[in-house]
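Right, one structure below, let's go through it.
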Amino acid sequence: MDRLSAFLMRFGYTVETFFHGQFCGDNLLPAKPGTGHLHLVRHGQIWLHHDDGPPLPVDGPAVILYPQPCAHRIVARDHAELLCATIVSHGSADGLIRTLPRVIPMPLAQMPALAVTFNLLFEEAGQQGYGQKLILDRLCDVLLLQALREMLAQRGGVMGRVFGLSDSTLSRAILAMHAEPGARWTVDTLAGLCGMSRSKFAQRFHAVVGIPPAEYLLEQRIHLAKRLLARGRQVQEIAAEVGYSTQPAFTRAFRTTCKMTPREWLARRGGL
């Protein structure tokens, strides 16, 4: 059995559609424990508003995944064709899901493998046949699985984090990096947390997560830096908080990862 199937069979979930059709205006979806959301935009443009940071514009066709509870407001200034569903996780999956990004936008052009199921969903939503709700729920389930598979195929992506956390050998090191991304972690200290040698830890980490430990730590630091930038924190303060002794060192790391400086990123997001 492949690792995605094994993981999802261990940590179950259900998907239930609750809206499909033309949407114009705004709607607030509160955060509920153990619940995420799946939004499909077939035509038009929507904006996703969160408690902090500027709104996120999404043009259809696209899939938007909220893997963890996150309050957000959907705003459409003109009519957009949407299909929305809730994702309810079961058992001990909550702790893993909380480590994923709160929102994952996926333009359909970047994930063509989703196109057939995506179109089937909207075709079914436009009919009034018997069993429509059940069919929509099942198709959303398939679409979510396909999206996770595509993210896994793209060098592990966010799914690499999940597989790492579900690995009892690596989870201590990964949780430590999530808890304190600004700490002076080395491969040796992380390997020590897992009770492994440096070489075995590095090899296993890369095989399970999809990237080396140092690259994973950099990813966590940049994720935190973006959240702090969106909240209006100064770049010099952020540099120290995410583990860099100087602002230039932080700026170089940020530019390497994002292909722009922190101020350029914030300006593009509408924060300056």
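Everything numeric in this text was worked out from a predicted model, so none of it was measured.
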Any chance you could measure [X], atom [atom1], to [Y], atom [atom2], to the nearest 0.5 Å?
X: E237; Y: L229; atom1: CD; atom2: CG; result: 11.0 Å
X: E150; Y: L145; atom1: CD; atom2: CG; result: 12.0 Å
X: R172; Y: M177; atom1: CZ; atom2: CE; result: 14.5 Å
X: L148; Y: L65; atom1: CG; atom2: CG; result: 7.0 Å
X: L38; Y: F18; atom1: CG; atom2: CZ; result: 9.5 Å
X: L193; Y: F201; atom1: CG; atom2: CZ; result: 8.0 Å

State, to 0.1 Å, how close [X] and [Y] come at their nearest heavy-atom pair, and which atoms those are.
X: L143; Y: F118; result: CD1-N, 4.0 Å
X: T17; Y: C140; result: CG2-SG, 3.5 Å
X: F23; Y: G25; result: CE2-O, 3.6 Å
X: A31; Y: A71; result: CB-N, 3.5 Å

Exercise. Just wondering, more than 12 heavy atoms not from Q236 lying within 6.0 Å of its CD?
Worked result: no
Exercise. More than 12 heavy atoms of other residues, nucleotides or ligands under 6.0 Å from CD of Q203: is that the case?
Worked result: no
Using the side chain to side chain contact (heavy atoms under 4.5 Å, CB included) criterion, which residues pair with [X]? Sequence neighbours excluded.
X: V142; value: T117, Q146
X: C258; value: I222, K226, F254, M260
X: T189; value: W185, T186
X: I135; value: E124, L139

For this session: State which residues pass side-chain hydrogen bond (donor to acceptor under 3.5 Å, both in side chains) with K133; sequence neighbours excluded, sorted by chain then number.
Result: D137
Exercise. Is there a chain of hydrophobic side chains (I, L, V, M, F, W, Y, each step under 4.5 Å between heavy atoms) that links V103 to W47?
Worked result: no
Exercise. Mind checking whether V75 and L56 sit in one hydrophobic cluster, side chains of I, L, V, M, F, W, Y counted as touching below 4.5 Å?
Worked result: no
Exercise. Passes side-chain contact (heavy atoms from CB on, under 4.5 Å), M111 versus V63? Steps please.
Worked result: CA-CA 9 Å; M111 291 191 167; V63 176; over 6 Å; no
Exercise. Which pairs pass salt bridge (charged side-chain N to carboxylate O under 4.0 Å, His left out) with one or both residues in residues 18-27, sequence neighbours excluded?
Worked result: D26-R73
For this session: Specify whether H72 and H50 have parallel, tilted or perpendicular ring planes, treating 30° as the upper limit for parallel and 60° as the lower limit for perpendicular.
Result: tilted
Exercise. How are the rings of H37 and H39 set to each other: parallel, tilted or perpendicular (split at 30° and 60°)?
Worked result: parallel
Problem set entry | Side-chain heavy-atom pair T86, L29 within 4.5 angstrom cut-off | no
Problem set entry | Side-chain heavy-atom pair L136, L121 within 4.5 angstrom cut-off | yes
